[in-house]
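Structure record follows, encoded as structure tokens.
What you see is a predicted model; the values in this text were computed from it and never measured.
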Amino acid sequence: MNTLIAITGLGIFCLLFEILNLRKAIIPITILGLIGVLALNYCEFGTEQSYYNNMIAVSKFSTAFSSLFIVLTIFLVALSHNFYQNHPTKISDFVAIKVFLLAGAVAMVSFGNLAMFFLGIEILSIALYVLAASDRLNIKSNEAGMKYFLMGSFASGIILFGICLIYGAMGSFDISEIHESALSAELPIWFPIGMILMVVGMLFKVAAVPFHFWAPDVYEGSPALTTALMSTLAKVVAIATLFKLIAGMNFISSLENQDLLHTFEVIVVIISIASMSVGNIMALRQVNVKRMLAFSGISHAGFMLMTLLTVSASAGVLLYYTAAYALAGIAAFSVILYVCRDQDNEDITNFHGLGKTNPLLAAVLTASLLSMAGIPIFSGFFAKLFLFNQTIQAGYIGLVIVAVINSIISVGYYFKLIIAMYSKEPNQERTGRPFLIYATAVVSIVLNIALGLFPSLVLDLLK
């Protein structure tokens, strides 16, 4: 609870800095403030407390994922310094929106009541709508914002309808009460229907097939920094929240009581396979790097959905996978922001010869892509290894085989970009060495490698 209050207070201070004409200090002060919030959140780790009639429930799960969200926000705020340097009068607005988005993200993994869950998802969604359309003179950004707003509103409506059905079936919004009631042998049919509607709405937020159609266009049209945010922070928030919804409301046990568990497992397997396959196959055809990473994110959503098949034992694996994926994504987008900062597009041709003109950033981008592909020694490899091992133990060998095949397919489009950096001749001069972009790229990929070398640092957090 203290973490959520501190984040909200920091967002308000970001708005006040504009009034006090302290625009130049907004980025460093916000980063320092987020580091302080991270320390405050760490102090709550291991405690099990609830606040305001269980509206907010602090647990190991919430504090661990909140720490990941805060770290990702620190990187995204650091990248804002160079990205918004042409809009100095708007810098406080953009930074404040990111901080308030973080508040919504923390609420989404800390909720003890469905009302708080919906409040958190709306705070996060509205912030994303604004950021997607924030480049108001760019028709693609306007289109991305409108498309995301319309599709997101439908998804939020579906989630809200599901919440209403669950309340009608259980007579409560409280997660702990719903958890206990779900053990009953006789549940109203409205409960599983309500849960299915909520899962469908969250699958849209995750951008899993067949609810993925918005992602490529929105990722391509949005400003690059917003795409980085949606690809990393927003995606891991959505998958963590979906995981908590299913685990927290004892959905698996309720389905088992009504002989619907097998149907649910089949649906999860189908969506997981479809997301991995569609994402990877479509990514092979892309020449725009942001669209390629959009389809890559769809495929990774398919991998992360595999944890829903082993909810009781997958929290640590999900945390590790999301951390590995998000850190690699931050590193990749840091390089994209540097390479394409003066371009109207993010085509692969812009990366020709980067290995010769800027070996450091080329190495960072290469490492991040190798991590996403699941190549040792990067944490992306171990994330898939732990996920596959757990899924095999649960008896889903066929699903793991498909996942391995898709991992091999993904190497094709990741290496297409790597080859362009090292085998092509440079086609443009790149000047300047923005410190925060370099620092963010290097630190994030170093953390990714560190997680690969010492996976227990994350896996043991949720034991």
message: Less than 3.5 Å apart, any donor N or O on the side chain of N448 or Y325 sitting next to an acceptor on the other?
response: no

Fill in: Backbone of L319 reached by a side-chain donor or acceptor of T322 within 3.5 Å
yes

Would you say that T366 contacts Y422 through its side chain, given a criterion of any heavy-atom pair below 4.5 Å between the two side chains? yes

Partner of I273 under side chain to side chain contact (heavy atoms under 4.5 Å, CB included), picked from L399, V268, N406, is L399

Fill in: Exceeds 12 heavy-atom contacts within 6.0 angstrom, atom CZ of F161
no

Check: A367 main-chain N/O paired with S371 side-chain donor or acceptor under 3.5 Å: no

Contacts satisfying side chain to side chain donor-acceptor pair (under 3.5 Å) that involve residues 31-42 (not counting sequence neighbours) are T3-N41, N41-S67

Is it true that the NZ or CZ of K384 lies under 6.0 Å from the centre of Y321's six-membered ring and within 45 degrees of the ring axis?
-> no

Could you pull out every donor-acceptor pair under 3.5 Å between side chains of residues 205-217 and any protein atom, sequence neighbours left out?
{"residue": "K205", "atom": "NZ", "partner": "S125", "partner atom": "OG", "Å": "3.1"}
{"residue": "W214", "atom": "NE1", "partner": "F204", "partner atom": "O", "Å": "3.2"}
{"residue": "W214", "atom": "NE1", "partner": "F211", "partner atom": "O", "Å": "3.2"}
{"residue": "D217", "atom": "OD1", "partner": "R291", "partner atom": "NH1", "Å": "2.9"}
{"residue": "D217", "atom": "OD2", "partner": "K147", "partner atom": "NZ", "Å": "2.9"}

- Query: Under 3.5 Å, side chain of N138 to main-chain N/O of K140, donor-acceptor pair present?
  - Reply: yes

(Q) Could you check whether any side-chain N or O of K244 sits under 3.5 Å from a backbone N or O of V109, counting only pairs where one atom can act as donor and the other as acceptor? (A) yes

State, without any angle test, whether S314 and T310 hold a side-chain donor-acceptor pair at a distance under 3.5 Å. yes

Q | Donor-acceptor contact present, side-chain S222 to main-chain Y219, <3.5 Å | A | no

Any side-chain to backbone donor/acceptor pair from S299 onto S296? Under 3.5 Å, distance only.
yes

